[in-house]
Participant: 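Below is the structure I would like to discuss, written out as structure tokens.
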Amino acid sequence: MTAPSPQRPASSATSTRHALPIRELALFGGLALVVLTVFATMGPAYSTRMLVEASCYAILALGLTIQWGYAGQFNAGIMGFVALGGFSATFFSIPVNHAFWASDLPGRLGWVLLAMVVVTAIVFGISRLDRIGVPKLLRTILAIVAGLVGYLVVISWLRSVTGDIESQVEFIGGLGLPVWLGWIVGGALAGGVGYFIGHICLGLRSDYLVIATLGIAEIIKAFLKNSDWLTRGTATISPLPWPVPDPGEVGFLTARALYLSVTVVMIAVIFFLLHRAYHAPWGRMIRAIRDNEVSAAAMGKSINRRRQEIFVFGCILMGIGGAVLTSFNGLFDPQGYLPLNHTFLVLVMVILGGPGNNLGTLFGAVLVYVIWIMSGPMALAVMHAIVALGSHWFDWQPGNLDSRALQARVFVIGLLILLVLRFAPRGLIPEKVAHHN
Amino acid sequence: MPLLEAVDVHGGYGGMNILNGVNMTIEADEIGVIVGPNGAGKSTMLKAVFGLLTITQGEIRLRGKPITNLSPHKLVEMGMGFVPQEKNIFPSLSVEENLEMGAFLKPATVSRLKAQIYEFFPPLLEKRRQPAGELSGGQRQMVAMGRALMNEPSVLLLDEPTAGLSPRYMNEIFERVKTINAAGVGVLMVEQNAKQALRIAHKGFVLAAGQNRFSDTGEALLNDPQVAKSFLGG
Amino acid sequence: MTPIIDVRNIRKSFGGLTVIDDCSIQVSKGSITGMIGPNGAGKSTLFNIIAGSLAPDSGEVLLNGQAITQLSANQRFHRGLLRTFQIAHEFSHLTSLENLMMVPPLQEGENLFSTWLRPGEVRRQEAEVRRRALEVLDFVGLSHVRNELAGNLSGGQKKLLELGRTMMTDAEVVLLDEIAAGVNRTLLGDLMGNIERLNRELGYTFLVIEHDMDMIGRLCDPVIVLAQGQVMMEGSIGEIQNNPEVIEAYFGSETA
Amino acid sequence: DVKVGFLGGFTGGIESLTPPIFDGAKLAVQEINDQGGLLDGEKMVMPSGDTTCSDASAASNAADRLVNSEQVTAIVGALCTGATIAAANNAAIPGGVVMVSPASTAPAVTDLDDDDLVFRTVPSDAFQGEQLAKLLLSKGIEDVAVTYVNNDYGQGLDDAFTKTFEAEGGSISANLAHEDNRADYRSEIGKLSSGGSQTLVVLAYADTSGQTILRQAYESGAFTQYAGGDGMVGNALVDAVGADVLEGMIATRPGSPDVPGSDIFNDLAEKADIDPSAVFAAQSYDAAFLLALAIEKNGSADREGLSKALRDVATAPGETILPGEWEKAKKLIGEGKEINYEGASGSAEFDDNGDVPGIVVEMAVEDGKFVTKGAIDE
Amino acid sequence: MNELIYFFNYVVVAGSVTGCIYAIGAVGVTLIYSILRFAHFAHADMMTLGTLAVLLLTLAFPHAGDPLGLPTAIVMLPVAMAFTSLVAVGIDRAFYQPLRSHGVKPIVMVIASLGVTLMLQGLIRLFAGTGSQNLYVDARKEIFRIDVPGVTRPIILTEPQVILFVITIVAVVGLHLFLTRARLGKAMRAMSDNPDLARASGINTRLIITLTWVIAGSLATIAGTLLSLDVAFKPDLSFFLLLPIFAAAIVGGVGHPYGAIAGGFLVGFAETLAVFNWSVLLRPLRDSLPTWLELPSNLALVGTEYKIVVPFFILVAVLIWRPTGIFKGKVI
Ligand SMILES: Nc1ncnc2c1ncn2[C@@H]1O[C@H](COP(=O)(O)OP(=O)(O)OP(=O)(O)O)[C@@H](O)[C@H]1O
Ligand SMILES: Nc1ncnc2c1ncn2[C@@H]1O[C@H](COP(=O)(O)OP(=O)(O)OP(=O)(O)O)[C@@H](O)[C@H]1O
Ligand SMILES: [Mg+2]
Ligand SMILES: [Mg+2]
């Protein structure tokens with residue numbers, strides 16, 4: 001028994017099936033208009049920058065739309081994968097620190113890493129002791145004790161080596177390789193971590209996944225932030241090389257336009273791949289699993305593998321997007337990865353555009369990013385106007401005007417989420433229902 | 001004055017009409033049975049009566065009073081009871097609590113009625129502390145029925161109450177419906193075990209594609225060869 | 001001849017309550033075996049154990065003489081073991097047609113890389129699958145709602161969809177859990193004809209839980225009676241309907 | 001109009017420190033406009049951008065907006081070091097825009113490869129940390145526990161402090177980073193107090209972790225003496241934690257009470273209803289004033305040549321210009337004379353890296369207020 | 001002995017305080033989860049909002065608590081609770097109710113609550129500024145230093161901590177009684193199970209939902225106020241509590257108030273113990289240790305900078321070991 005449910009995508013999609021995609025055209029036309037307005041008011045250099053960033057966010061949003069829109073996995077840890085991608089891009093592209101490699105530190109670090117592997121292997125071995133008849137309780141106790149002791153030992157070694165790295169050579173430096181290599185590895189790294197997380201969490205309920213991913217993102221960030229030997233921590237690394245000539249060489253506009261063309265090509269490729277996959281039986285299977293796992297298992301689909309696959313796929317995109325974004329920003333700062341900017345904003349993009357609809361996601365990414373960027377100055381202007389009126393009528397003189405105005409931006413993003421959910425719960429360009437006649 | 005009256009009811013889900021002018025009348029001492037093919041709109045009709053659906057045209061009256069689009073808990077206060085076809089229990093509440101919820105508006109009579117229900121469905125007594133979601137299909141059906149009876153309704157809407165029940169309980173349900181009807185409760189039920197249902201029915205309605213196809217006494221429908229062939233399985 | 005399904009000494013209890021109690025049954029190849037029993041006898045639980053949705057506490061399940069107890073539900077599916085659910089488990093946000101189209105195993109298009117690298121092959125298979133799905137929809141009388149989301153179907157239509165899914169791929173054994181409940185009797189008559197045909201012509205084996213005696217009577221031989229987690233008796237429908245114990249436990253005293 | 005931008009952390013980690021700093025800069029703008037404006041009577045305007053302090057992309061974005069959309073001539077800011085570096089590398093340096101930061105204290109700014117475009121009116125933490133260490137030792141405090149906020153500010157300050165303190169014979173029983181903005185620091189305080197020191201040095205912000213730590217440290221009863229860096233200076237802190245608790249707390253901050261500019265600035269600020277002792281307000285005033293002088297000297301609102309002009313007006317030789325003396329300066333520049341700005345926070349003698357020599361002031365809590373005790377001698 | 005007192009002060013007391021706060025927060029989250037079926041991310045900001053109300057009231061009447069000998073904030077608590085409940089109900093009507101009647105998936109509700117979080121955060125900061133403020137206006141927190149004979153260190157407890165312990169117990173017991181005994185409590189659970197059927201049983205679902213928000217809003221106010229009494233009011237304090245609170249609710253088994261308590265204390269103590277420097281406890285043994293074994297000065301499991309990650313390790317560990325949480329996350 002269900003209450004009258006207005007969720008009737010079938011019929012709504014039916015009615016517009018054959019006509020021109022008027023809705024899409026109108027929305028994208030409107031978006032183009034908005035972007036042009038920005039170009040006119042903010043100048044081409046800044047606006048191109050905005051577009052590049054929006055395109056990086058679009059890659060992130062596509063990653064999320066796969067996970068959430070396709071498969072119903074709600075990943076609230078986007079920030080973590082972005083940070084991983086950013087780290088990889090940084091590590092590959094910045095110059096080699098010769099002081100580090102000339103010292104005995106790489107060797108020592110290598111030994112510690114080896115010790116880490118050995119300890120893990122020992123603990124793993126102990127945890128398998130029950131296979132040869134050791135009682136389970138004893139095995140568990142042994143494993144925990146060995147793990148704890150091993151952990152404390154390795155950690156103290158690691159602390160000493162990293163302490164020396166920090167005091168002698170500051171940090172280990174980079175690899176001095178082309179940056180696109182870092183992007184690819186960033187994707188792989190994020191995918192790898194995604195695999196690990198998925199392994200633990202995907203069996204859980206969806207709301208647990210939200211919390212777990214939220215936490216893991218914090219862990220990744222805490223690690224990057226506090227591992228000064230690896231990332232320089234809060235001291236930040238900049239500038240980062242670009243795959244195309246940078247503004248110092250060819251000026252802001254040209255450099256950014258070149259960068260934009262790189263990201264646009266990437267998006268086009270990703271888009272094409274996703275489109276193919278979604279409209280193939282693969283997409284149908286994923287939606288089926290999202291709907292009803294018990295039944296999908298009974299229909300012979302291997303749920304865990306598929307969920308894993310899709311989670312990793314999404315994470316890879318997030319890693320790549322994060323890498324591209326970080327390179328563009330020209331600065332690696334672990335503290336700069338914030339849930340608000342790198343998780344919730346992406347979330348809003350996907351909600352607004354339409355989870356599960358790639359085109360909608362793209363639309364959402366660009367629109368929301370423009371709103372996000374413009375909301376700062378706009379909030380300020382509005383606030384100034386209000387205060388001007390307020391002081392005129394009531395002699396109201398609030399302090400901290402600018403600070404307060406910018407808080408309003410957080411408010412606006414929140415309100416935007418709610419309004420979209422309220423009036424277009426499935427996004428402005430909703431997921432389509434497949435029809436066959 | 002008829003107990004329940006539906007006149008030219010139109011309605012559906014989110015803009016699409018499923019019911020295209022359904023008429024039904026039952027008197028206070030009558031059992032009405034709705035039969036028809038799957039997807040005909042039988043359940044939709046019951047939901048419409050019970051206020052779970054927006055009716056776009058037509059009227060529904062209870063004892064002459066219009067109840068069109070009244071909210072369900074008002075109707076419960078007016079003595080209506082409903083057993084839905086699907087999702088008809090509270091899965092995480094124990095069996096006993098499910099029954100108590102049935103008598104939410106009449107807390108005073110809970111223990112007396114509970115005892116009655118257990119007597120009627122002995123398997124539930126054993127399971128009364130178990131969450132209803134862990135019950136077998138048939139046991140769930142018993143809980144659903146029991147829950148509706150707990151309110152001592154004066155009009156009872158039943159959507160396939162015997163689906164999934166063993167023959168023994170199916171028969172008992174029909175008996176029970178007869179008994180409570182004899183005590184003055186009007187019953188409107190949807191059934192796919194149509195032959196048995198029509199046997200106890202005073203009125204039968206054959207619904208197809210959201211419209212009345214035949215309406216007559218139960219007996220007459222049973223004996224109509226065309227009805228039997230197309231709707232009752234020969 | 002080895003039975004196609006051989007359930008050996010299965011036990012299952014839920015928190016102290018034993019639901020299946022050392023139960024063994026055999027289903028011989030090519031039969032339509034019925035299973036009846038009072039509500040709560042453990043029939044659906046036994047199905048879940050055979051199909052792999054539930055793990056037994058002890059005992060073994062064999063399919064064609066091979067132990068499958070350790071296999072997961074989806075692996076059992078690939079061995080030709082199909083089932084329906086008593087409480088319909090449709091994919092509510094897929095259309096009826098898609099509900100059926102997603103069933104065939106090993107579709108090329110389910111591999112992410114194939115969708116990118118071999119689009120032609122994927123499309124060809126897809127057309128084939130669609131053709132079959134449309135046939136099945138026709139079969140179970142749901143063609144007119146093929147583009148409707150399955151979640152919006154009526155109760156009976158969902159049950160029909162459940163049945164339709166088992167026809168989407170070549171099965172060895174099909175487990176049907178009360179498909180008749182909620183299905184219009186006229187339509188059910190047609191469906192029974194089709195089940196018989198599948199059984200005769202394609203050699204499907206069926207294990208059918210049902211409370212509808214007409215259906216059991218028309219289709220099934222033998223019939224197993226389950227009560228309180230144990231096999232009470234096994235025999236033809238005639239034997240069963242005349243057994244006083246079964247009458248007492250199942251049919252109720254006043255009917256037979 | 002001539003635009004000089006302001007970059008600050010209006011939201012995020014230092015959002016409560018930012019407004020007074022912005023006020024300092026706006027005070028300079030106000031004066032300049034009141035006293036005849038820039039160049040040919042053009043008005044100086046100051047668009048602002050929010051760096052959020054911690055988010056590099058927001059910082060470079062805000063900077064980019066100032067550089068490319070607002071087309072500013074120069075920038076006051078940013079405040080947090082990360083933001084300054086991000087803004088410089090991504091917008092200001094490629095765009096050839098001079099930045100003068102009034103608050104970025106981390107040593108990293110010194111090493112920036114900046115085409116001589118990045119300056120600051122605040123000494124590097126390296127210096128303040130040393131001075132704080134020496135100050136404590138000179139008061140006979142030789143055994144301390146240190147905690148610092150885990151960011152570039154806290155870390156830089158801590159590095160310098162620890163090095164000097166230990167080198168000069170002090171001992172540090174515990175040295176602990178803490179995350180900003182947590183609810184509870186009892187476990188941190190537990191660790192800090194486990195070494196038995198009676199003095200706790202807190203290198204954090206008065207609004208956030210610093211305050212909570214002091215309050216909880218007092219509640220734990222483990223310490224008798226507190227000390228802190230510039231981030232801890234603020235009467236709000238005393239009000240919040242309790243005057244009797246903090247009585248005698250020692251602190252340092254950059255700035256110079258002895259330069260004549262300081263008193264003038266205090267007067268000006270008080271007249272404009274701004275707290276003159278607010279951290280970095282004076283530095284911010286100086287940054288804005290200096291940039292205005294440089295623009296005047298450069299003779300146009302162009303970015304070209306501004307950094308050279310800035311060095312000219314800031315450093316000796318030349319006639320001394322004090323805060324508030326815009327008219328005089330304008331006149332002198334008009335006459336083609338050399339000038340040398342001596343600011344509210346110091347002499348602003350930039351070295352090759354764009355850093356200023358530090359003057360660090362000793363502060364103490366007395367009678368429920370932070371009072372300035374005078375510059376610390378080298 | 002000194003070391004034991006030290007342990008008591010820094011682990012037992014600190015852990016209990018954190019635990020209590022997490023627990024009350026987690027109970028609220030769990031309650032909303034079990035009735036409305038979604039993870040309410042705005043809970044932490046409801047805490048802040050409630051505390052803000054308390055703060056404003058306290059500022060307005062700084063001495064209201066004096067005659068009772070209680071901190072003014074505590075006296076103002078009921079008023080603030082009423083206010084917050086009202087706001088919570090209003091938010092529900094404006095934002096959640098329409099979604100619910102659309103029959104959206106729970107995850108969409110979660111997202112809506114994220115939206116509410118951001119909105120509340122923006123609003124609170126817009127009005128309250130950003131700095132931190134003490135809830136003891138014109139008053140001083142009382143600190144009880146209990147001397148243990150023969151030891152130099154005293155046991156330290158503060159007034160708000162004592163109040164916190166008392167209120168936690170009262171709130172939990174009361175809530176449990178309400179949920180299990182009261183008819184309305186059962187109706188709430190029924191509502192969470194199957195809202196349509198609840199309506200078909202004559203249960204006034206609107207009333208239930210309103211009641212849920214009243215309870216949740218009140219609990220949030222209590223948690224926020226007690227926390228702020230113990231530390232200080234800060235507009236974004238609660239965001240840092242959100243994650244541990246959710247970890248606590250899940251670890252305890254979502255939908256189970258006692259589980260939430262257990263989870264809260266587990267997470268609170270885990271945090272405290274993980275960063276505790278165990279070498280302090282070993283210090284008395286220092287002299288009897290062999291000379292080659294030098295006692296490291298820092299024997300904490302993780303540095304305090306990693307404290308924030310502790311709840312998640314607990315979460316993941318518990319979820320792997322027992323996916324439904326300690327108390328078998330069934331609904332209440
Ligand atoms: N998850 C569970 N937890 C506890 N008890 C359960 C669970 N699932 C089933 N049971 C109990 O096991 C018994 C058998 O249930 P089962 O569903 O197998 O019955 P059935 O024979 O299919 O009955 P029906 O004909 O009514 O569908 C019932 O008493 C039921 O209450
Ligand atoms: N929630 C819904 N949204 C949209 N359409 C629905 C919904 N529920 C049912 N329908 C459609 O309404 C029609 C009638 O459904 P209804 O449930 O009333 O059938 P029924 O006569 O009860 O059938 P059955 O005997 O199979 O239970 C069906 O075609 C179904 O697809
Ligand atoms: Mg129906
Ligand atoms: Mg069953």
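Numbers restart at 1 for each chain; the letters A, B, ... are given by sequence-line order, proteins then strands.
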Participant: With side chain to side chain contact (heavy atoms under 4.5 Å, CB included) as the test, would you mind laying out the steps for C/Glu98 and A/Met285 before giving the verdict?
Facilitator: CA-CA 9 Å; C/Glu98 285 181 307; A/Met285 175 177 60; over 6 Å; no
Participant: With a cut-off of 6.0 Å (strictly less than), are more than 12 heavy atoms of other residues, nucleotides or ligands near NE2 of A/His275?
Facilitator: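 No, not enclosed.
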Participant: Please look at A/Phe272 and chain C and tell me whether the side chain, the backbone, both or neither of the residue comes under 4.5 angstrom of a heavy atom of that chain.
Facilitator: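 Nothing of A/Phe272, per the 4.5 Å heavy-atom cut-off to chain C.
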Participant: Can you tell me which portion of C/Ser53 sits under 4.5 Å from chain A's heavy atoms? Options are side chain, backbone, both or neither.
Facilitator: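 It is neither, since no heavy atom gets under 4.5 Å.
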Participant: Indicate whether the side chain of A/Asp291 and that of C/His93 have a donor and an acceptor atom separated by less than 3.5 Å.
Facilitator: yes
Participant: Are any of the side-chain heavy atoms of A/Arg287 and C/Met102 separated by less than 4.5 Å?
Facilitator: no
Participant: Search all heavy atoms of A/Ala280 against all heavy atoms of C/Thr115 and return the closest pair with its distance.
Facilitator: CB-CG2, 3.4 Å
Participant: Report the C-alpha distance between C/Glu110 and A/Arg306 in whole Å, list the side-chain angles of each, state the deciding distance to 0.1 Å, and finish with yes or no for side chain to side chain contact (heavy atoms under 4.5 Å, CB included).
Facilitator: CA-CA 10 Å; C/Glu110 289 183 355; A/Arg306 295 311 180 172; 4.1 Å; yes
Participant: Under 4.5 Å, heavy atom to heavy atom, which residues of residues 55-85 of chain C contact chain A?
Facilitator: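 Answer by number: C/Ala73, C/Asn74, C/Phe77, C/His78, C/Arg83, C/Phe85.
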Participant: Take C/Leu112 and A/Phe313, measure what side chain to side chain contact (heavy atoms under 4.5 Å, CB included) needs, and give me the verdict at the end.
Facilitator: CA-CA 10 Å; C/Leu112 205 45; A/Phe313 189 15; 4.0 Å; yes
Participant: Apply side chain to side chain donor-acceptor pair (under 3.5 Å) to C/Glu178 and list each qualifying residue two or more places apart in sequence or on a separate chain.
Facilitator: C/Gln86, C/His211
Participant: Enumerate the side chain to side chain donor-acceptor pair (under 3.5 Å) contacts for residues 263-274 of chain A, please, sequence neighbours excluded, ordered by first and then second residue.
Facilitator: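 Only A/Ser55-A/Thr263 qualify under side chain to side chain donor-acceptor pair (under 3.5 Å).
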Participant: I want to check something: taking the side chain as every heavy atom from C-beta on, are C/Gln107 and A/Arg284 in contact at a cut-off of under 4.5 Å?
Facilitator: yes
Participant: Grab the two heavy atoms, one from A/Pro281 and one from C/Glu126, that are nearest each other, plus how far apart they are.
Facilitator: CG-OE1, 3.2 Å
Participant: Residues two or more places apart in sequence or in another chain: which of them pass salt bridge (charged side-chain N to carboxylate O under 4.0 Å, His left out) with C/Lys43?
Facilitator: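 Salt bridge (charged side-chain N to carboxylate O under 4.0 Å, His left out) list for C/Lys43, sorted by chain: empty.
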